[in-house]
Amino acid sequence: MVSSSKSEDFQDGVDGDSLRSTMATDQNVLQKHAAFFDRNHDGLVYPWETFQGFRAIGAGYLLSMAGAVFINLSLSGTTRPGKFPSLLFPIEVKNIQMGKHGSDSGVYDSEGRFVPSKFDEIFSKYARTHTNALTSDELMAMLKSNREPKDYKGWIGSWTEWKALYTLCKDENGLLRRETIKAVYDGSLFEHLERERAAAKAKATA
Ligand code: HEM
Ligand SMILES: [Ca+2]
């Protein structure tokens, strides 16, 4: 269902897109997840870029506003260590792993890399009804079990990340599929959704 055109982009020559892809290969997986929202590729994600990124993947106005406010307020300070706080609340993509919180799945390690064994564990532990997908209840069971005591910030962070993913990407049977979850980690899911939406829009106006 989810595909990435990274490898095609990579062979493209020296235009802007392929240059970005070449740069992107040096990024850790979590940096790629955040970099989708850096709409002008300057290394910073401003709240309006978070908003635009949410809208580009099909989120409604309210969710996009809430995402922009909540994410930029919580990650701007942590990803700009030692810098004077900015009222424009930028997030520094290169330091995004500093924005990691507790009570997560552990699929990103502390350096922002993808940990395959932790990813597999999501399904071996919580996918009871289908081998390669989570129901809404199974997702909740995972979130509860990932909770570290009194880590309320982490509880809220994880809840919002996973609920947003579920709301935007569940399939017609209310399942969150393995390939969807896999693709959110490196942000290729976001690129896929954006392309899908752009194509649907073009078709509607044709
Ligand atoms: C609709 C948009 C988004 C969705 C659906 C989404 C979803 C997710 C999911 C499912 C995780 C994995 C959590 C885990 O492994 O337990 C995650 C982690 C993370 N996301 Fe996003 N995300 C979105 C937007 C963003 C944006 C805009 C940023 C920052 C620019 C961001 C930064 C992070 C960070 C720092 C983590 C690591 C948290 C941790 O593992 O402790 N995300 N996100
Ligand atoms: Ca930017």
Side-chain angles (χ1 to χ4, degrees), residues 2 20 27-60 62-80 86 88-116 118-122 125-126 134 139-140 142-148 151 153-170 176-178 180-194 197:
V2 171
R20 271 198 294 281
Q27 291 179 310
N28 67 42
V29 175
L30 182 51
Q31 284 168 340
K32 289 183 190 173
H33 176 92
F36 171 80
F37 297 88
D38 177 9
R39 309 300 285 174
N40 64 353
H41 308 281
D42 66 351
L44 301 169
V45 180
Y46 286 97
W48 52 91
E49 293 181 292
T50 309
F51 177 83
Q52 286 162 4
F54 267 72
R55 295 293 285 153
I57 59 176
L62 278 180
L63 179 61
S64 304
M65 276 300 267
V69 171
F70 180 78
I71 293 173
N72 283 76
L73 277 183
S74 57
L75 294 181
S76 183
T78 41
T79 60
R80 300 174 68 249
S86 164
L88 298 176
F89 295 101
I91 296 168
E92 275 198 25
V93 175
K94 70 173 175 357
N95 295 329
I96 192 70
Q97 69 280 359
M98 291 173 171
K100 262 180 63 75
H101 48 72
S103 306
D104 58 16
S105 68
V107 174
Y108 290 125
D109 71 8
S110 57
E111 304 289 315
R113 292 170 301 215
F114 183 78
V115 183
K118 283 285 177 188
F119 178 72
D120 291 339
E121 219 176 86
I122 295 180
K125 278 191 172 168
Y126 305 102
L134 296 179
L139 179 63
M140 262 330 285
M142 176 180 91
L143 289 177
K144 282 190 183 148
S145 143
N146 285 346
R147 284 180 187 167
E148 291 154 28
D151 171 33
K153 238 180 123 181
W155 297 10
I156 295 170
S158 287
W159 189 88
T160 41
E161 284 154 8
W162 285 100
K163 281 291 175 176
L165 180 63
Y166 183 82
T167 309
L168 293 171
C169 298
K170 63 178 182 298
L176 200 47
R177 296 190 202 166
R178 183 184 177 103
T180 306
I181 301 179
K182 177 82 196 289
V184 80
Y185 280 104
D186 68 359
S188 57
L189 175 73
F190 302 140
E191 290 165 24
H192 173 82
L193 289 172
E194 180 174 32
R197 249 180 78 82

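Each ligand, and each atom within it, is numbered from 1 in the order the structure gives.
- Listed by chain and number, the protein atoms of type N/O/S under 2.8 Å from atom 21 (Fe) of ligand 1 are His33 NE2; waters are omitted.
- Counting only non-hydrogen atoms, the option in Phe70, Phe36, Phe37 that gets closest to atom 24 (C) of ligand 1 is Phe37.
- In plain terms, the two heavy atoms of Leu88 and Pro47 that are nearest each other are O-CD, 3.0 Å.
- Counting only heavy atoms from C-beta outward, the side chains of Ser158 and His101 approach each other to under 4.5 Å.
- Of all non-hydrogen atoms in Arg55 and Ser64, the two that sit nearest each other are CD-OG, 3.3 Å.
- Nearest heavy-atom pair across Ser76 and Ile91 is N-CG1, 4.1 Å.
- Closest approach of Tyr126 and Ser145 over heavy atoms only: OH-OG, 2.6 Å.
- Crowding of Trp155 atom CH2: a count of heavy atoms from other residues, nucleotides or ligands under 6.0 Å exceeding 12.
- Listed here is the closest heavy atom pair of Ala56 and Arg39: CB-NH2, 3.6 Å.
- Contacts with ligand 1 closer than 4.0 Å are made by side-chain heavy atoms of Leu75 only, the backbone lying farther away.
- Between Ser158 and ligand 1, no pair of N/O atoms sits closer than 3.5 Å.
- Looking from atom 41 (O) of ligand 1 to the surrounding protein, the closest heavy atom is Asp104 OD2, 2.7 Å.
- Listed by chain and number, the protein atoms of type N/O/S under 3.0 Å from the Ca ion (ligand 2) are Asp38 OD1, Asn40 OD1, Asp42 OD1, Leu44 O, Glu49 OE1, Glu49 OE2; waters are omitted.
- Residues Glu194 and Arg197 are not paired through a salt bridge, judged by the lack of any N-O separation under 4.0 Å between the basic side chain and the carboxylate.
- Residues Asp38 and Glu49 form a side-chain contact, since some pair of their non-hydrogen atoms from C-beta on lies under 4.5 Å apart.
- Around atom CE of Met65, no more than 12 heavy atoms belonging to other residues, nucleotides or ligands sit under 6.0 Å away.
- Nearest to atom 36 (C) of ligand 1 among the protein's heavy atoms is Leu30 CD1, 3.6 Å.
- In this structure, Tyr185 and Tyr108 have perpendicular ring planes: the angle between them is above 60°, well past the 30° mark.
- For the pair His33 and Asp186, the minimum side-chain heavy-atom distance is 4.5 Å or more.
- The closest side-chain heavy-atom distance from Asp104 to Trp162 is not below 4.5 Å.
- Every atom of ligand 1 with a heavy atom of Tyr185 under 4.0 Å away is listed here by number and element: 12 (C), 14 (C), 15 (O).
- What you find for Cys169 and Thr180 is that their closest heavy atoms are CB-CG2, 3.6 Å.
- The contact set between ligand 1 and Ser105, taken as ligand atoms under 4.0 Å from a residue heavy atom, comprises 14 (C), 15 (O), 16 (O).
- Within ligand 1, the atoms closer than 4.0 Å to a non-hydrogen atom of Phe54 are 1 (C), 2 (C), numbered from 1 in the order shown.
- Between Phe119 and Phe114, the angle of the ring planes lies from 30° to 60°, which puts this pair in the tilted group.
- For Ile57, the heavy-atom gap to ligand 1 drops under 4.0 angstrom.
- Ligand 1 lies less than 4.0 angstrom from a heavy atom belonging to Leu168.
- With respect to the salt-bridge test (charged N to carboxylate O, under 4.0 angstrom), the residues Asp120 and Lys182 do not qualify.
- Taking atom 3 (C) of ligand 1 as the reference point, the nearest protein heavy-atom neighbour is Phe190 CZ, 3.7 Å.
- The single protein non-hydrogen atom nearest to atom 38 (C) of ligand 1 is His101 NE2, 3.5 Å, given as residue, atom name and distance.
- Between Tyr108 and ligand 1, not a single N/O pair is under 3.5 Å apart.
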